[in-house]
A.B. asks: 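This structure is in structure tokens; I'll ask about it shortly.
Throughout, protein chains are lettered first and strands after them, A, B, ... in sequence-line order, and every chain is numbered starting at 1.
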Amino acid sequence: MIKAITGTKDILPSDISKWYFLENLIKKIFSKFNYKEIRTPIFENTSLFARGIGEATDIVSKEMYTFLDRSGESLTLRPELTASVVRALIEHSLEKKQSLNKLFYIGPMFRQERPQAGRYRQFHQFGAESIGSNDPLLDAEMIIMAFDILAQLGLKNLEVKINSLGVPSEREDYKNVLREYLKSHLSNLSEESKKRFETNVLRIFDSKDERDIEIMKHAPLLINYLKDESLSHFETVKSTLKKANVNFSVDSSLVRGLDYYTHTTFEIVSKSVGSQSALCGGGRYNGLVKELGGSDLPGVGFAAGMERILLACENENVLSIPEDKIDLYIITLDKTKSELSYNIAISLRRKNLTVELDYLLRSVKAQMREANKLNAKYVLFVGGEELKNNEVVLKNMLNSEQENISLNEIEKLIKKIGE
RNA sequence: GUGACCAUAGCUCAGUUUGGUUAGAGCAUCUGGUUGUGGCCCAGAAGGUCAUGGGUUCAAGUCCCAUUGGUCACCCCA
């Protein structure tokens with residue numbers, strides 16, 4: 001048997017309504033904030049992600065699905081979408097058509113990691129990018145939108161964490177301070193963190209190793225090395241969130257693994273899922289557009305994992321999806337009349353009714369059971385004595401009332417079902 | 001990439017500890033329960049190479065090894 005690739009999942013018809021529900025909510029909230037959807041290709045030139053996300057990041061160095069196409073070009077299935085959106089913006093000069101572009105997206109992403117709860121190799125993200133302004137109100141807007149979507153789903157066990165990474169020069173200065181502090185503790189750090197000391201010293205804050213955590217507790221904090229401009233940016237984000245009633249905590253260890261972040265970073269975690277608890281994350285990326293060959297435009301954005309969100313919804317039992325139902329099930333009494341049933345079904349469907357009928361030549365009892373299973377509001381009996389008078393029988397499945405209707409009065413039937 | 005645990009019907013699981021007839025249940029599916037009428041109920045049917053391959057044994061779903069797949073955690077991230 002050929003099976004789905006490791007880490008990929010089929011979304012079956014029995015699950016699709018919760019995806020529709022989530023997608024519709026996302027589109028609704030983004031449109032209230034006047035964000036427009038953008039759809040970019042599933043694959044891009046490998047160099048886009050290498051430059052955009054950062055060569056040294058885990059995503060680029062060991063998680064991307066990269067392959068050569070038939071002409072020998074290196075392509076990569078998108079592992080995230082910020083780089084693609086920025087590429088599209090530059091390629092189509094969107095910033096020249098309007099100085100602030102507010103964009104959102106929904107779609108599959110690909111990363112070759114070991115699957116576990118809330119983590120797949122093909123997974124779905126939605127997210128937003130706002131490119132063209134350094135206004136901290138937009139940083140806050142990202143967090144508010146993400147929070148509103150999660151809150152409107154009914155999720156409760158949420159924690160909003162924010163931090164500021166300042167600008168690159170501040171961060172470089174701080175890294176030196178941090179390295180100075182860590183020098184004396186170097187031998188006590190975990191093996192992983194010893195490597196990070198060289199490659200990306202900030203990431204030591206992310207460590208779950210007890211020894212590392214103890215050492216980092218007393219480490220100098222980046223926030224104390226930010227200059228006035230960065231601090232006031234961060235203050236505005238915080239006060240804006242407070243006014244919008246979004247509870248948050250400042251988490252100085254929130255460093256995040258993508259190279260492009262500046263100033264605000266944030267994450268919303270849920271206690272209702274497994275260890276992959278970050279439902280969404282994002283931040284400001286003021287250097288990215290220029291890095292990818294565009295003009296020097298500031299930007300801010302976030303992405304959210306849809307599988308994780310649905311998992312949290314399931315665990316908190318908050319989604320109330322109405323059960324599927326159909327307007328009418330047509331039951332054919334005489335098998336010789338199935339063509340008539342079929343024709344009635346077609347014409348009623350064209351009148352905007354949801355209609356089903358039997359294709360398996362089953363007994364009347366079996367057809368009734370099927371109608372019941374499909375939650376049919378009405379059932380129509382076609383055949384027998386009534387048909388000799390050019391009539392069909394309409395049955396209301398809720399109160400079991402039946403009435404004869406002439407085939408010449410189909411409009412009456414539509415009206416009745418539509419009520 | 002590292003580690004732990006798991007694999008029996010479409011689904012959820014008994015049976016494996018202590019090897020011994022024809023591998024079971026519930027749900028789901030299908031067919032009936034008197035002419036042409038659902039849900040509840042009742043009866044019956046169908047559905048399994050016990051993940052795959054090898055080994056031990058008179059005998060393997062059960063013990064051993066390998067492989068494959070899955071789950072969870074590390075790592076990383078959404």
A.B. asks: Mind checking the P distance from U62(B) to U52(B)? Whole angstroms is fine.
C.D. replies: 11 Å
A.B. asks: So, for H185(A) and Y181(A), is the gap between ring centers shorter than 6.0 Å?
C.D. replies: yes
A.B. asks: Regarding G384(A), tell me which of base, sugar-phosphate or nothing describes its non-hydrogen contacts under 4.0 Å with the strands shown.
C.D. replies: base
A.B. asks: Considering every strand and a 4.0 Å limit on heavy-atom distances, what is the contact class for Q112(A): base, sugar-phosphate, or nothing?
C.D. replies: nothing
A.B. asks: Is K9(A) near enough to G70(B) that one of its side-chain N or O atoms lies under 4.0 angstrom from OP1 or OP2?
C.D. replies: no
A.B. asks: Select one nucleotide: of G36(B), G1(B), U37(B), the one nearest the side-chain heavy atoms of M368(A).
C.D. replies: U37(B)
A.B. asks: Just to be sure I understand the rule, does Y329(A) reach a base, reach only the sugar-phosphate, or reach nothing, if contact means heavy atoms closer than 4.0 Å?
C.D. replies: nothing
A.B. asks: Answer with base, sugar-phosphate or nothing: what part of the nucleic acid does A303(A) contact at a heavy-atom distance below 4.0 Å?
C.D. replies: sugar-phosphate
A.B. asks: Are Y225(A) and Y174(A) an aromatic pair by the rule of ring centers under 6.0 Å?
C.D. replies: yes
A.B. asks: Roughly how many Å apart are A9(B) and U18(B), using the P atom of each and rounding to a whole number?
C.D. replies: 25 Å
A.B. asks: Select base, sugar-phosphate, or nothing to describe what L279(A) touches, counting heavy atoms under 4.0 Å on all strands.
C.D. replies: sugar-phosphate
A.B. asks: Hey, does K395(A) reach any base, or is it just sugar-phosphate, or nothing, if we go heavy atoms under 4.0 Å?
C.D. replies: base
A.B. asks: Any base atoms under 4.0 Å from E307(A), or only sugar-phosphate, or nothing? Heavy atoms, all strands.
C.D. replies: nothing
A.B. asks: Using only heavy-atom distances, decide whether a donor-acceptor pair under 3.5 angstrom links the side-chain of R114(A) to the base of C72(B).
C.D. replies: no
A.B. asks: Does the side chain of Q402(A) get closer than 4.0 angstrom to OP1 or OP2 of U37(B) through an N or O atom?
C.D. replies: no
